[in-house]
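So you know, we letter chains A, B, ... as the sequences are listed, proteins then strands, and number each from 1.
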There are 2 protein chains.
Amino acid sequence: MSETNPDRVDESLIALRRILRATEQYERDLAAAAGLSPAQLRVLQIIAGKPDMTATPKALAQQMGVTQATVTSVVDKLVARGVVRRMPSETDRRQTNVILTVTGRAALEEAPDALQQRYVREFVKLADWEQAQLVASLERVASMMDAHKMDASPVLTVGAIDGAGKRK
Amino acid sequence: MSETNPDRVDESLIALRRILRATEQYERDLAAAAGLSPAQLRVLQIIAGKPDMTATPKALAQQMGVTQATVTSVVDKLVARGVVRRMPSETDRRQTNVILTVTGRAALEEAPDALQQRYVREFVKLADWEQAQLVASLERVASMMDAHKMDASPVLTVGAIDGAGKRK
DNA sequence: TTCGTTTGCTTCGCTTATCTAACTAACTCT
DNA sequence: AGAGTTAGTTAGATAAGCGAAGCAAACGAA
């Protein structure tokens with residue numbers, strides 16, 4: 001197994017890069033279309049992904065892999081745009097809950113998940129076994145990359161894909 | 001085939017996100033370690049990936065999916081750090097060639113590709129058929145995502161992986 | 001209960017990335 | 001030669017990100 005075809009590595013890296021780039025690019029376009037920046041959209045999506053539609057700055061920072069200071073500034077902008085609101089926690093008054101406003105929920109409806117669009121449409125067309133295969137591969141790659149970095153918190157969009165091909 | 005398990009889509013999206021996030025995070029760390037920012041590092045890598053170790057701002061902008069203005073500013077910083085140099089083109093004097101300096105090449109050696117680090121090491125451990133499987137899956141996903149967006153320019157690092165498991 | 005410590009968040013000052021619009025110089029085409 | 005196109009930069013904004021410092025609430029001994 002150590003006598004591997006080197007081309008394989010290249011090929012997989014190239015493919016990975018294409019995926020990365022396509023997604024990044026797409027994320028930017030999407031956010032722009034929704035009148036938000038990519039980071040802002042991400043925050044919104046994380047919050048929307050929570051069962052109670054709420055998240056503390058700390059949690060956001062962790063899931064996004066940035067500092068709290070950064071989250072504060074992004075949330076400031078979201079507040080200014082009226083898509084979220086800060087609600088001091090009842091139980092622990094050091095904490096703040098960032099919650100989605102109605103406007104915010106609407107904004108999210110407009111701008112669905114970046115990965116979706118192009119990708120999901122194709123994905124659902126595949127045969128069952130192919131999907132299974134793809135998922136397995138992706139998960140494998142993912143675990144190769146974030147090995148030690150725990151969490152891997154979902155962060156999917158709103159009503160996102162819970163109906164896959166059929167919804168919306 | 002249209003009666004697909006919806007969870008599959010979710011799972012694949014989650015995995016994709018993990019890959020994305022792991023890479024982004026890693027890119028930041030790496031760049032920081034090399035005293036460069038992620039964008040700067042990317043420019044360096046693209047240039048290094050060219051056979052002649054040179055690229056015009058226009059080409060860089062296209063490959064990175066940003067505007068030329070952005071490239072200008074990033075290149076400015078790279079020049080300030082002495083890792084690249086601007087060389088007016090001989091053939092078309094509107095064009096500028098951004099070339100790697102010796103220092104730049106050295107810097108790249110220090111800060112290898114983000115995807116590599118974490119991923120390649122694991123990849124080469126896999127059995128041959130598994131590698132083949134992964135490559136196929138990744139390429140499939142990639143093509144589902146960037147459908148019309150052509151290029152998919154390699155952009156591999158310096159001596160990158162041309163020896164895969166064996167080098168360095 | 002009352003300090004000292006930890007924790008959650010914000011503020012401040014700074015750097016970088018990114019965009020659009022405007023500008024300059026150099027090529028191209030007719 | 002003059003019009004239009006192309007490559008790059010400049011200028012001026014906004015946004016993301018960081019670290020350090022600050023502040024208030026909560027916690028944990030004593």
Side-chain angles (χ1 to χ4, degrees), chain A residues 21 24-47 54-81 83-99, chain B residues 21 24-47 54-81 83-99:
Chain A
R21 289 212 301 132
E24 265 174 33
Q25 187 56 55
Y26 212 64
E27 226 147 48
R28 260 180 285 176
D29 294 352
L30 246 193
L36 296 166
S37 68
Q40 290 167 13
L41 185 53
R42 247 189 317 155
V43 167
L44 245 48
Q45 290 176 334
I46 291 176
I47 296 176
T54 213
T56 63
K58 166 144 200 147
L60 288 169
Q62 282 173 341
Q63 283 202 15
M64 300 176 59
V66 299
T67 64
Q68 260 174 256
T70 301
V71 170
T72 295
S73 98
V74 174
V75 170
D76 281 349
K77 276 156 205 145
L78 290 174
V79 169
R81 275 174 177 68
V83 290
V84 301
R85 231 176 45 222
R86 273 189 246 250
M87 273 271 275
S89 159
E90 297 289 319
T91 61
D92 182 338
R93 276 175 314 189
R94 285 171 306 181
Q95 293 187 90
T96 306
N97 287 108
V98 183
I99 69 176
Chain B
R21 291 213 301 130
E24 264 174 34
Q25 189 54 56
Y26 208 60
E27 224 147 50
R28 257 179 286 173
D29 295 352
L30 247 191
L36 295 164
S37 69
Q40 290 168 12
L41 187 53
R42 245 189 319 156
V43 167
L44 245 47
Q45 290 174 337
I46 292 177
I47 296 175
T54 214
T56 63
K58 166 144 202 146
L60 287 169
Q62 283 173 338
Q63 283 204 14
M64 299 177 60
V66 299
T67 64
Q68 260 175 259
T70 301
V71 171
T72 296
S73 98
V74 174
V75 170
D76 280 349
K77 274 154 207 145
L78 290 174
V79 169
R81 274 174 178 66
V83 290
V84 302
R85 233 174 44 223
R86 273 189 245 249
M87 273 271 277
S89 158
E90 297 289 318
T91 61
D92 182 340
R93 277 175 315 187
R94 284 171 305 182
Q95 294 187 88
T96 306
N97 288 109
V98 182
I99 69 175

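Regarding B/L36, its CG atom lies at a distance of 10 Å from the P atom of C/dT16, rounded to whole Å. Protein atom CD of B/Q95 is 13 Å distant from nucleotide atom C1' of C/dA25, rounded to whole Å. Rounded to a whole Å, the CE atom of B/M87 is 14 Å from the P atom of D/dG8. Rounded to whole Å, the distance from NZ on B/K58 to P on D/dT5 is 14 Å. Atom-to-atom, CZ of B/R94 to C1' of D/dA7 comes out at 6 Å; the value is rounded to the nearest Å. One interatomic measurement links the two molecules: CG of A/N97 to P of D/dA25, which rounds to 16 Å at whole-angstrom precision.
Closest contact between the side chain of B/T96 and the listed nucleotides C/dC27, D/dG8, C/dC9 involves D/dG8.
Note that CD of B/Q95 is 9.5 Å distant from NZ of B/K58, once rounded to the nearest 0.5 Å.
Where B/D92 and A/E90 each meet DNA chain D at their nearest nucleotide, the meeting point lying more 5' is that of B/D92.
For the pairing with A/T54, the side-chain contact (heavy atoms from CB on, under 4.5 Å) check across A/V98, A/T96, A/N97 returns one residue only, A/N97.
Between B/R93 and D/dA7 there is no side-chain N or O to OP1 or OP2 distance below 4.0 Å. For the pair A/R86 and C/dT10, the criterion of a side-chain N or O lying under 4.0 Å from OP1 or OP2 is met.
Contact annotation for B/T72: base contact, defined as any heavy-atom pair under 4.0 Å involving a base atom.
Here B/R86 pairs with B/D76 under the side-chain hydrogen bond (donor to acceptor under 3.5 Å, both in side chains) rule; sequence neighbours left out.
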- prompt: Can you give one letter per nucleotide of nucleotides 11-20 of chain D, 5' to 3': B if a protein heavy atom sits under 4.0 Å from the base, S if only from the sugar-phosphate, - if neither?
  reply: ----SSBBB-

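A/V66 places a side-chain heavy atom less than 4.5 Å from the side chain of B/R28.
Residues A/R21 and B/Q62 share a closest heavy-atom pair of NH1-O, 4.4 Å. When all heavy atoms of A/A31 and A/S37 are compared, the pair lying nearest together is CB-C, 3.5 Å.
Under the 3.5 Å distance criterion, the side-chain polar atoms of B/R81 are matched with a main-chain donor or acceptor of B/G35.
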